[in-house]
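Remarks on the structure that follows.
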Protein chains: 2
Amino acid sequence: MIEKLEFLLALARERHFGRAAEACGVTQPTLSAGLKQLEESFGVLLVNRGSRFQDFTPEGQRVLDWARRIIGDTRAMRQEVQALKHGLTGRLRIAAIPATLAMIETLTTPYRERHPAVQFTILSRNSKEIFQLLDNLEIDAGVTYLDNEPLGHVAHVPLYREHYCLLTAADAPLGNRDKVTWAEVAHVPLCLLTANTQTRRIIDDLVRQAGGDSQPTLESDSMVLLYSHVRTGRWASVMPARMAATLGLADVVRAIPIVAPEATHTVGLVIPARQPMTPLTAALVAEARRVAQI
Amino acid sequence: MIEKLEFLLALARERHFGRAAEACGVTQPTLSAGLKQLEESFGVLLVNRGSRFQDFTPEGQRVLDWARRIIGDTRAMRQEVQALKHGLTGRLRIAAIPATLAMIETLTTPYRERHPAVQFTILSRNSKEIFQLLDNLEIDAGVTYLDNEPLGHVAHVPLYREHYCLLTAADAPLGNRDKVTWAEVAHVPLCLLTANTQTRRIIDDLVRQAGGDSQPTLESDSMVLLYSHVRTGRWASVMPARMAATLGLADVVRAIPIVAPEATHTVGLVIPARQPMTPLTAALVAEARRVAQI
DNA sequence: ACATATCAATAGAAATCTTCTATTGATTAT
DNA sequence: ATAATCAATAGAAGATTTCTATTGATATGT
């Protein structure tokens, strides 16, 4: 029964019988049969299909919601018993938006100190993907902005307020300043994250409000790529202050706080709205509360 | 897997492998094997046993808690799909303390009006048993006092405040009074519920505070039995006012409000603290809110 | 202290179910 | 029109579950 619900969950993720079956480690006919059994046991069609997967029926949607919950609880149960036996073990799966990648270690380092047996998987994803992964039980927690776009049905723990700074060469136009305004930044050609990221949308908004139009000279979804350009001193960028601080900068590059309008956004941990949490997640939340600066 | 968790739940109820097996509709070796598999899958002993059932290990306790939740969710899921198909169907199981039995119809009658396909099972139980039944998923809701003894981990909906009255013959010592005090009641020989009920404990307390000692001339766990004695006019009793009002009284018997000290206790619905509720339970809660007088 | 009863575990056979491979039928893409 | 993709089906092999019958251990009663 639980295994059948796993089939359903996989199908929701993959939207394809064959791939869902593979994800579950069974063959396609096995998955088909499993779903058929579910449907028979409920007496309702759960999946609309005509020679290929189409979508879930309304009943299928409801069962899917319950399946997520039931499977989440089942995993939490196993984890908890495991923790009672051997302390915290297993793999903690986190996804973070690129702008926060450099601060994740402030969570994982003390976490590992306390629970050395825990292993980590950390993915760089945009915020929309993070919420999808959370919904599908594919990650235990996410790190993203809390106050910008509506949160899904998740709980959250604030971590810190983000400020932005202009990264530019000391000998560039604004390079000798102690602080700059968004109005000034609006005229600098920048290297920025691609437009499917929240950080980019935030920066775009601020630039636009200051009268600019933000046509970046270079855009990428990789922070390392942006960083490697900026450190040459030949490109400018706007980055979260924490990111700039953590990465460290070459001598030729200066990180200049952008001060007006004062624009801060809250970065925080997002976790599934389940009570009780899994032990691994609970420990992460405890760490987040310790590390939180707000 | 879910079936195995059902085994565990049955064992917690019955504390006996054979009876638990019977409750699950399997033989004892099947249940034993099922539990052994659970233990192997967790890698932990769940049940302490030496030639007979002893108790659950700490891990077993935790698994038991999760099992209740997971199985509760599984049933809720089935119920919800069923409700999507055919509207509300199935059996709503309620347990109520004897003092409230006469008011249950104020819930069930409008409920049935709205959802004619739903069937009811209503048990008369004391409050301790009600909470056990709730914990074991054997009932969907209970009706009991909310403010007297500590509630388990349940949610609740207040229904009304209970007042008490003295039932006695018109020609008995206090029979001509419009109201009486607990101090006066303390001297009347009464027919009361047995001491394992909350109602009795409440009355005992009030009588004792008024200086009496409550040695009932007759006690029973059956309201019908008490009622049949009282209606002869040859016995006196203290009953919740609602009960007296609902049952109706023979001409010779009067129901006299007991006014001082003003003693009211809240009667309410108690339901498992699960979100979301099962559809059957949700409908009952809605009805309770409608009927509630407080 | 001995006999009896109760209880859960075990052994082994029978039955059920699950899963697989191979194929089909239907639809979509080229 | 042909090929490719996808999910359902058929049928055999394999795994699991469940049963009956029994054992071994502990408790109960005489």
Side-chain angles (χ1 to χ4, degrees), chain A residues 1-61 63-64 67 70-71 74 77-78 136, chain B residues 1-61 63-64 67 70-71 74 77-78 136:
Chain A
M1 169 86 206
I2 287 190
E3 304 73 41
K4 315 283 169 63
L5 293 179
E6 297 261 16
F7 289 177
L8 198 72
L9 229 62
L11 186 61
R13 270 201 311 272
E14 308 288 347
R15 306 183 65 79
H16 184 285
F17 279 66
R19 284 197 293 280
E22 194 183 352
C24 295
V26 297
T27 59
Q28 171 262 315
T30 300
L31 186 124
S32 284
L35 289 176
K36 193 169 189 181
Q37 272 177 28
L38 264 192
E39 296 186 318
E40 273 163 14
S41 98
F42 285 117
V44 189
L45 236 79
L46 301 177
V47 180
N48 291 318
R49 63 265 230 202
S51 104
R52 67 189 52 208
F53 175 87
Q54 288 170 348
D55 58 356
F56 292 92
T57 63
E59 291 85 358
Q61 274 296 344
V63 173
L64 199 53
I70 290 168
I71 288 177
T74 309
M77 171 174 68
R78 299 208 106 85
N136 288 330
Chain B
M1 170 86 206
I2 286 190
E3 304 74 39
K4 315 283 168 65
L5 293 180
E6 298 260 17
F7 289 178
L8 199 70
L9 229 62
L11 187 59
R13 270 202 311 273
E14 307 288 347
R15 306 183 67 78
H16 183 288
F17 280 68
R19 283 196 295 279
E22 194 182 351
C24 295
V26 298
T27 59
Q28 170 263 315
T30 300
L31 185 125
S32 283
L35 289 177
K36 193 170 189 177
Q37 271 178 28
L38 264 193
E39 296 186 318
E40 271 162 15
S41 98
F42 285 118
V44 189
L45 232 74
L46 301 177
V47 180
N48 291 319
R49 64 266 230 200
S51 103
R52 66 190 52 208
F53 176 86
Q54 289 171 347
D55 58 358
F56 292 92
T57 64
E59 290 85 358
Q61 272 297 343
V63 172
L64 199 53
I70 291 168
I71 289 177
T74 309
M77 171 173 69
R78 301 207 108 85
N136 288 330

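Just so it is clear, the values below take in all heavy atoms, side chains as well, and ignore hydrogens, waters and symmetry mates. Note on naming: letters A, B, ... go to the chains in the order of the sequence lines (proteins, then strands), and numbering restarts at 1 for each one.
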Between L5(B) and I71(B) the two heavy atoms that sit nearest each other are C-CD1, 3.6 Å

Non-hydrogen atoms of F42(A) and M77(B) that approach each other most closely = CZ-CE, 3.7 Å

Quick one: E3(A) CD to dA15(D) P, roughly how many Å, whole number?
-> 17 Å

Take atom CZ of F17(A) and atom P of dT27(C), then tell me their distance rounded to the nearest Å.
-> 15 Å

Please report, rounded to the nearest Å, how far the C1' atom of dA22(C) is from the CD atom of Q28(A).
-> 12 Å

Just call it for R49(A): base, sugar-phosphate, or nothing, with non-hydrogen atoms closer than 4.0 Å on any strand.
-> sugar-phosphate

In whole angstroms, the gap separating C1' of dA7(D) from CD of E22(A) amounts to 16 Å

Of all heavy-atom pairs linking R13(B) and A23(B), the shortest is NH2-CB, 4.2 Å

Atom of S32(A), atom of F17(A) and distance for their closest heavy-atom approach = OG-CD2, 3.5 Å

Answer with base, sugar-phosphate or nothing: what part of the nucleic acid does Q37(B) contact at a heavy-atom distance below 4.0 Å?
-> sugar-phosphate

Measure from CG on L31(B) to P on dT17(D) and round the result to the nearest Å.
-> 14 Å

When rounded to whole Å, the CD to P distance for the pair E40(A) and dA8(D) reads 12 Å

Does a nitrogen or oxygen in the side chain of T27(B) sit under 4.0 Å from OP1 or OP2 of dT18(D)?
-> no

Mind calculating the distance between CD (E39(B)) and C1' (dA8(C)) to the nearest angstrom?
-> 12 Å

Between dT5(D) and H16(A), is there an OP1 or OP2 to side-chain N/O distance shorter than 4.0 Å?
-> no

Given that V26(A) and R52(B) both sit by DNA chain C, which one's nearest nucleotide is further toward the 5' end?
-> R52(B)

Taking CG from N48(A) and C1' from dC6(D), how many angstroms apart are they, rounded to a whole number?
-> 16 Å

Determine yes or no for a side-chain-to-main-chain donor-acceptor pair under 3.5 angstrom, with R19(A) supplying the side chain and L11(A) the backbone.
-> no

Please state whether the phosphate of dA8(C), meaning OP1 or OP2, lies under 4.0 angstrom from any side-chain nitrogen or oxygen of S32(B).
-> no

So, is K36(B) near the phosphate of dT10(C), with a side-chain N or O under 4.0 Å from OP1 or OP2?
-> yes

